[in-house]
Amino acid sequence: MSSPDSHLVRVTHARGVTTITLDSPHNRNALSHRLMTELLAALAEANADDRVRVIVLDHTGPVFCSGADLAETAAAAKSGQMPAALLGDVLGAVARSAKPVVAVVRGPARAGGLGLIAAADLAVCTAAATFAFTEVRLGVVPALISATVLPRLAPRAAAELYLTGDVFDGPRAAAIGLVTATAPDDDVDAVVARWCASLVRGAPASLATTKQLLRRRPEPELDAELAHLSEISLRFFGSAEGREGVAAFREKRDAVWVPRADDDGAAAAATP
């Protein structure tokens with residue numbers, strides 16, 4: 001467990017590239033309030049520094065990001081101070097960054113972690129990395145991350161993966177547009193280095209304006225959508241289904257809505 005004085009986000013800088021590393025492996029880089037606060041500060045500092053030309057978002061530990069911090073979410077359910085309330089700010093900060101953002105995914109990503117990947121301009125993952133939109137299985141909705149995810153995904157793939165919550169691999173993530181490329185573990189850093197070498201050759205103002213052209217929605221529309229989707233996410237995290245789903249996941253059991261084998265027998269007995 002990290003001590004109160006340690007950081008959950010580490011920052012390094014070299015030759016125009018600032019690397020922001022999620023460093024909370026004890027909880028699989030979950031999106032806790034503290035991690036997101038530190039991430040927002042690091043992004044703001046990188047964007048304000050004229051030396052920074054590219055931002056790389058990396059991680060320690062085997063998991064890129066497990067999504068919302070469910071332990072923190074369960075504890076906050078009664079107070080209403082959900083950590084998910086800050087996620088909209090994080091996704092907006094990544095999507096609106098004037099500097100190109102490259103996500104490096106060396107392991108599994110779930111739920112909110114996929115929103116973070118989709119918000120980046122470029123993303124590379126290992127072939128063994130796995131992904132899943134697990135929200136519906138927890139009694140919540142992948143609402144907030146949709147602002148960054150849905151513009152990336154093929155519609156049919158989005159419907160399948162959002163509704164089933166099934167796990168998919170790196171090649172599928174690249175095929176549907178969630179990531180830019182998939183590479184063997186040993187080649188991921190070379191892909192990132194190649195992208196960064198190309199990106200630093202672009203003029204800063206030209207890159208920032210080109211990023212704006214690539215967005216599907218102007219900033220005011222993105223802000224309004226993030227606010228609307230955040231309200232939906234928070235409503236479901238605080239709902240009876242959301243509380244039960246989070247509890248079931250933490251207790252490693254099926255939620256109450258999952259059909260059981262004896263349900264069929266009970267239904268048959270009740271049929272005249």
Side-chain angles (χ1 to χ4, degrees), residues 8-12 17-32 35-36 38-40 42-43 46 54-69 87 90-91 93-95 97 99-135 142 144-154 157-158 161-162 165-199:
L8 302 184
V9 169
R10 292 190 290 105
V11 180
T12 57
V17 178
T18 285
T19 300
I20 300 175
T21 303
L22 306 183
D23 190 18
S24 185
H26 71 278
N27 65 352
R28 300 180 298 169
N29 291 316
L31 295 169
S32 64
L35 182 144
M36 289 190 287
E38 291 185 18
L39 179 54
L40 283 169
L43 288 166
V54 182
I55 298 170
V56 173
L57 184 60
D58 207 334
H59 65 100
T60 62
V63 176
F64 172 76
C65 178
S66 59
D69 186 328
L87 181 56
V90 171
L91 297 182
V94 175
S97 169
K99 319 290 175 73
V101 179
V102 177
V104 188
V105 185
R106 305 176 191 276
R110 298 290 184 268
L114 278 66
L116 200 54
I117 294 167
D121 300 292
L122 300 174
V124 60
C125 72
T126 64
T130 62
F131 307 84
F133 298 99
T134 53
E135 286 87 347
L144 185 51
I145 65 171
S146 292
T148 58
V149 169
L150 290 184
R152 301 285 191 199
L153 297 195
L161 299 170
Y162 264 41
D166 285 345
V167 175
F168 56 103
D169 62 12
R172 180 85 193 278
I176 64 177
L178 179 64
V179 300
T180 313
T182 302
D185 291 11
D186 294 341
D187 294 342
V188 167
D189 288 332
V191 172
V192 175
R194 175 169 54 83
W195 284 346
C196 289
S198 296
L199 290 167

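Along the sequence shown, the residues carry numbers beginning at 1.
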What side-chain donor-acceptor pairs closer than 3.5 Å can you find for residues 167-179, not counting sequence neighbours?
residue: D169; atom: OD1; partner: R172; partner atom: N; Å: 3.0
residue: R172; atom: NH2; partner: E160; partner atom: OE1; Å: 2.9

#### Entry: Gap separating the CZ atom of R10 from the CD1 atom of I20, nearest 0.5 angstrom
12.0 Å
### Task
Identify the heavy atoms of P62 and P108 that sit nearest to each other, and give their distance.
O-CD, 3.2 Å
### Query
Listed by chain and number, what are the side-chain hydrogen bond (donor to acceptor under 3.5 Å, both in side chains) partners of T18, not counting sequence neighbours?
H13
### Qualifying salt bridge (Lys or Arg N to Asp or Glu O under 4.0 Å) pairs, either residue in residues 122-133, two or more places apart
none
### Task
Grab the two heavy atoms, one from A103 and one from A120, that are nearest each other, plus how far apart they are.
CB-CB, 3.8 Å
## Note on the structure
In this structure, CG of L31 is separated from CG of L39 (nearest 0.5 Å) by 8.5 Å
#### Entry: Distance, nearest 0.5 Å, that separates OG1 of T148 from CG of L116
8.0 Å
## Note on the structure
OH (Y162) and CD1 (I145) are apart, to the nearest 0.5 Å, by 4.5 Å
### Task
Could you tell me whether the side chain of R28 and the main chain of V63 form a donor-acceptor pair under 3.5 Å?
no
### Query
So, T19 side chain and T12 main chain: donor-acceptor pair closer than 3.5 Å or not?
no
### Message
How long is the straight-line distance from CD1 of I55 back to NZ of K99, given to the nearest 0.5 Å?
### Response
6.5 Å
### Task
Grab the two heavy atoms, one from T134 and one from A111, that are nearest each other, plus how far apart they are.
OG1-CB, 3.9 Å
### Task
Could you pull out all residues at least two apart from D166 that satisfy salt bridge (Lys or Arg N to Asp or Glu O under 4.0 Å)?
R137
### Query
Should S32 and L8 count as side-chain neighbours, where that means a heavy-atom distance under 4.5 Å?
yes
### Query
Is F64 close to C125 at the side-chain level, that is, under 4.5 Å between some pair of heavy atoms?
no
### Query
Side chain of S24, backbone of N27: donor and acceptor closer than 3.5 Å?
no
### Query
Is there a side-chain contact between L35 and D69, using heavy atoms and a 4.5 Å cut-off?
no
### Task
Looking only at non-hydrogen atoms, find the nearest pair between A132 and G165 and report the distance.
CB-O, 3.9 Å
### Task
Could you note down all residue pairs passing side-chain hydrogen bond (donor to acceptor under 3.5 Å, both in side chains) where residues 109-131 supplies at least one of them, sequence neighbours left out?
R110-T130, D121-K211
### Query
Taking all atoms of both residues into account, what is the closest heavy-atom pair of G107 and A129, and its distance?
O-CB, 3.6 Å
### Query
Closest heavy-atom contact between V90 and M36?
CG2-CB, 3.7 Å
### Query
Excluding sequence neighbours, so at least two apart, what forms side-chain hydrogen bond (donor to acceptor under 3.5 Å, both in side chains) with D58?
R106
### Query
Do S97 side-chain atoms and V94 backbone N/O form a donor-acceptor pair below 3.5 Å?
no
#### Entry: side-chain contact (heavy atoms from CB on, under 4.5 Å) assessment of I117 paired with R152
CA-CA 10 Å; I117 294 167; R152 301 285 191 199; over 6 Å; no
## Note on the structure
Taken in chain and number order and not counting sequence neighbours, the residues that satisfy salt bridge (Lys or Arg N to Asp or Glu O under 4.0 Å) with R194 are none
### Message
D187: which residues meet the side-chain hydrogen bond (donor to acceptor under 3.5 Å, both in side chains) condition with it, sequence neighbours left out?
### Response
none
### Qualifying residue for side-chain contact (heavy atoms from CB on, under 4.5 Å) with L122, from V102, V56, V191
V102
### Task
Could you list all the salt bridge (Lys or Arg N to Asp or Glu O under 4.0 Å) pairs where at least one residue sits in residues 122-132, not counting sequence neighbours?
none
### Query
side-chain hydrogen bond (donor to acceptor under 3.5 Å, both in side chains) with S198: which residues, sequence neighbours excluded?
none
